[in-house]
Amino acid sequence: MAEFIRDLKRTNSCGELTAKDVGKEVVLFGWVHNRRDHGGAVFIDLRDRAGLTQVVFEADAGKEIHDLSQELRYEYCIGVRGKVVSRGGNVNPRLVTGEIEVHAAQLSIFNRSETPPFLIEDKIDTAEEKRLKYRYLDLRRAPLQQTLMKRSQMNALTRSTLNRLGFVELETPYMVKHTPGGARNFLVPSRLNPGKFYALAESPQLFKQLFMVAGFDRYFQIVKCFRDEDLRLDRQPEFTQIDVEMSFVTQDDVFTAVEELVTTLWQEVLGVSIPKPFPRMPFEQSMRQYGNDKPDLRFGMKHVDLTEILRRLDGGGVAMWKGVQGIVKAVKVPASANFSRTETDKLEEIAKGMGAKGLARAKVSENGEWTQSPMAKSITPEARAAINAACEAQPGDVLLFQFGKESMVHTVLANLRLFLGKKLGLIPEYGTRENNWKFLWVIDPPLFEYNEEEKHWVAAHHAFTRPHDESIQYLETDPGKVLCYRYDLVLNGFEIGGGSIRLHDPNVQQRVFKAMGIPEKEAEEKFGFLLQALRFGAPPHGGIALGMDRLAFLLTGAESLRDVIPFPKTQKGTDLMTDAPGDADPRQLRELHIASTYKPPE
RNA sequence: GGGGUGUUAGUUAAGCUGGUUAUAACGCCGGCCUGUCACGCCGGAGGCCACGGGUUCGAGUCCCGUACACCCCGCCA
């Protein structure tokens, strides 16, 4: 008899046979997804990455094969030769291959399987810890396979689209010199240069600018980046960017290219057409109305800034609002929410978790008066009317207030807004309805932000961003007023990309360093090669980096970034499958001239 | 660095104000079954209740600490 793999080649996947294939003899390879043993007939759902096909082993196929089929268990890897037969009236409408089944004439068990720690099912509620430990089994599950296959498609489309637009794919080093500022680098010791270290590149930022100096004009790369920062649902220590840089362009030219790429991805992978151009919002408006620079525009509930009103009315009779340092803002919970006491207490708990001291609230009654509020008695009618009007409050609405340091107020209310949006069901379920995809460019942020601890202005993003021409005059007199050509692409509350038009004018560059209190000499030490390169006829240029993992995460509706990365890290940056990071061999450390000063706690 | 949630068979969970032998479902093992597709029926095995202290006559349950996982703040130009 012919042997599998050597003589009998796979003829079909497990996801493609239908009624039109009835009568064919086929060879299928795959894993036992399920078995239903009826004694005289054994039914097997055979699985590969394309789908499931039912295979039947009947008693009259021969004792040997029938006996062997009764040994089959979950996740055995097998090969089957048999005939495609119509299921007649027993069609399974939930399977693509549900019209047919394969009546096995030959069976080979390639490999038996230990009892798997969890069943390979589409819907799984096993702890993620277990799934990560047995990642290769988790990756057998159809949803993860489909997600990763979509990601593969995204990679291919990115290359074809950017090639079509005239971009050149070029590579940059991962092992680079540490650059100051920005994310923490992972360090790599150099054996050949004792005491010296490489850094793993947090991004190809400086190198891609050098491609522009070199004249490549349009560069892109799908590239891994490394950042030694704390993890989040949407942050991994190693992640992938679609990195883009263009010469002789304005901000609008960059937007046009990115919109072409992103809409192509959504069109080809999801069949969703996203209107172009994407809307734009000034950074200032985003902070004012949403409290962060990545607003989720799928629902309203904008913040209302009451700072000016209360300054004019001297606190409006409320002691804690009188002469307040910072800002005062409110969010309105509509009357329809009809929150219980427990639910509003929960809101306060969330606010406190974000650094708030408390969460003052007021319920608006029919005549506009406030109830269930510590301010109800002290607030002046004039201030109350002004606040009600600013919030467009209707009877039954509940106003939530937050005051104090701007960053804290924004963090608290931005997170409350998101919580309320979810709680009130204002965010549509993942699907392909087009109104689910709220792309947005956040533009014109300030070039500098003031560092309270170090008492000087620092680059809000990086020191090579081009200021608006009409802003340059404030570089010396009022640095906080300088806006720049920096932009973030936001989708449904996630930052999926960011970039800028670069500063290629050495004179303005000098003034920027000066505003940040960086002496020329220090700038040369830190960024010497780039500054030097810019002096050799560097073209005006700009670019962007898109987070490929986040794009895939949002496009596929995954629950976490970990679901779009084959082998992700846990929140502490460990790999539960390989147990990385691990101890280093003492001999290896000696070669590197490295000793650890770490002492485990007693 | 900080806040929150969780940790009980292989897996997912229940286990109340502390009290005999810690339950269930799925999975696993054995048996029966020729039309199942969440197959069914009969029987069986399986536990350092995360770890370490403490309170108590008695702790899965109460207290303290630690570890791990997840979510968030800080951090991420």
Side-chain angles (χ1 to χ4, degrees), chain A residues 33-45 52-61 66 70 73-75 85 87-95 97-98 101 103 114-121 123-134 137 179-185 202-203 205-206 225-237 239 346 349-356 407-408 411-412 414-415 418-419 445 447-449 451 458-465 484 486 488 495 498-500 516 545 547 559-560 562 569-572 574 576 600-602:
Chain A
H33 187 69
N34 197 8
R35 83 190 154 102
R36 294 171 293 278
D37 183 350
H38 286 238
V42 177
F43 299 89
I44 295 291
D45 292 332
L52 295 173
T53 298
Q54 175 163 285
V55 179
V56 189
F57 300 88
E58 291 188 299
D60 45 14
H66 185 249
Q70 289 191 308
R73 294 292 183 272
Y74 281 112
E75 299 310 314
V85 175
R87 288 216 209 171
N90 277 328
V91 166
N92 183 344
R94 283 185 299 181
L95 293 183
T97 61
E101 61 195 10
H103 284 219
E114 292 184 9
T115 304
F118 48 84
L119 291 183
I120 311 304
E121 296 170 313
K123 223 172 131 17
I124 194 172
D125 53 5
T126 301
E128 204 175 358
E129 206 173 341
K130 293 280 183 328
R131 293 174 47 199
L132 290 172
K133 181 170 179 185
Y134 301 95
L137 295 181
T179 45
R184 268 185 214 100
N185 290 114
E202 64 180 77
S203 79
Q205 180 63 44
L206 302 181
C225 302
F226 306 88
R227 294 181 188 175
D228 188 6
E229 297 292 347
D230 286 8
L231 283 73
R232 284 285 188 282
L233 177 81
D234 61 348
R235 274 159 40 184
Q236 282 275 312
F239 60 99
K346 171 79 179 161
E349 204 179 298
I350 291 169
K352 284 181 172 170
M354 303 291 156
S407 58
M408 183 277 292
T411 299
V412 170
N415 281 290
L418 290 175
F419 177 83
L447 180 60
F448 303 108
E449 56 191 30
N451 185 320
V458 297
H461 296 285
H462 70 88
F464 304 99
T465 301
C484 63
R486 155 88 201 178
D488 281 343
E495 182 198 317
S500 64
M516 297 192 302
E559 285 179 18
S560 124
R562 293 182 293 277
K569 304 277 192 286
T570 70
Q571 191 144 56
K572 278 193 74 188
T574 63
L576 296 178
E602 296 299 315

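We use all heavy atoms of the structure for the numbers below, so side chains are in, but hydrogens, waters and symmetry mates are not. Residue numbers begin at 1 in each chain, while the letters A, B, ... track the order of the sequences.
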Mind checking who [N] pairs with, Watson-Crick or G-U wobble, both distances under 3.5 Å?
{"N": "B:G60", "answer": "none"}
{"N": "B:A9", "answer": "none"}
{"N": "B:G18", "answer": "none"}
{"N": "B:G46", "answer": "none"}
{"N": "B:U36", "answer": "none"}

Whether [X] contacts [N] is assessed here as follows: a side-chain N or O lying under 4.0 Å from the phosphate OP1 or OP2. Is that the case?
{"X": "A:Arg73", "N": "B:C29", "value": "yes"}
{"X": "A:Arg232", "N": "B:C73", "value": "yes"}
{"X": "A:Arg36", "N": "B:U36", "value": "no"}
{"X": "A:Arg562", "N": "B:C71", "value": "yes"}
{"X": "A:Asn34", "N": "B:C39", "value": "yes"}
{"X": "A:Thr570", "N": "B:A69", "value": "yes"}
{"X": "A:Thr126", "N": "B:C26", "value": "no"}
{"X": "A:Lys572", "N": "B:A69", "value": "no"}

Using a 4.0 Å heavy-atom cut-off across all strands, classify [X] as base, sugar-phosphate, or nothing.
{"X": "A:Ala127", "answer": "sugar-phosphate"}
{"X": "A:Glu128", "answer": "sugar-phosphate"}
{"X": "A:Glu349", "answer": "nothing"}
{"X": "A:Asp125", "answer": "sugar-phosphate"}
{"X": "A:Phe43", "answer": "base"}
{"X": "A:Thr411", "answer": "sugar-phosphate"}
{"X": "A:Lys352", "answer": "nothing"}
{"X": "A:Glu101", "answer": "base"}
{"X": "A:Ala463", "answer": "nothing"}
{"X": "A:Glu129", "answer": "sugar-phosphate"}

Nearest-neighbour nucleotide for the [X] side chain, [options] considered:
{"X": "A:Leu119", "options": "B:C76, B:C26, B:C37", "value": "B:C26"}
{"X": "A:Pro117", "options": "B:G10, B:C73, B:G35", "value": "B:G10"}
{"X": "A:Ala183", "options": "B:U36, B:G1, B:C76", "value": "B:C76"}
{"X": "A:Leu233", "options": "B:C72, B:U34, B:C76", "value": "B:C72"}

Crowding at NZ, A:Lys569 (>12 non-hydrogen neighbours, <6.0 Å):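 Result for NZ/A:Lys569: enclosed.
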Find the distance [X]:[atom1] to [N]:[atom2] and express it as a whole number of Å.
{"X": "A:Lys123", "N": "B:U12", "atom1": "NZ", "atom2": "P", "value": "14 Å"}
{"X": "A:Arg87", "N": "B:C37", "atom1": "CZ", "atom2": "P", "value": "11 Å"}
{"X": "A:Gln571", "N": "B:C71", "atom1": "CD", "atom2": "P", "value": "5 Å"}
{"X": "A:Lys569", "N": "B:C70", "atom1": "NZ", "atom2": "P", "value": "13 Å"}
{"X": "A:Asp234", "N": "B:C72", "atom1": "CG", "atom2": "C1'", "value": "12 Å"}
{"X": "A:Asp37", "N": "B:G35", "atom1": "CG", "atom2": "P", "value": "12 Å"}
{"X": "A:Glu495", "N": "B:C76", "atom1": "CD", "atom2": "C1'", "value": "10 Å"}
{"X": "A:Gln205", "N": "B:C76", "atom1": "CD", "atom2": "C1'", "value": "15 Å"}

How do A:Pro116 and A:Asn90 order along RNA chain B: which one's closest nucleotide is nearer the 5' end?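 First, find each residue's nearest nucleotide; the 5'-ward one identifies A:Pro116.
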Determine the interatomic distance between P on B:U20 and the same-named atom on B:G58; round to the nearest Å.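 Straight-line distance between the two P atoms is 15 Å.
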Looking at A:Glu229 and A:Arg235, does any basic side-chain N land under 4.0 Å from a carboxylate oxygen?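 Looking at A:Arg235 together with A:Glu229, the answer is no, because their closest N to O distance does not fall below 4.0 Å.
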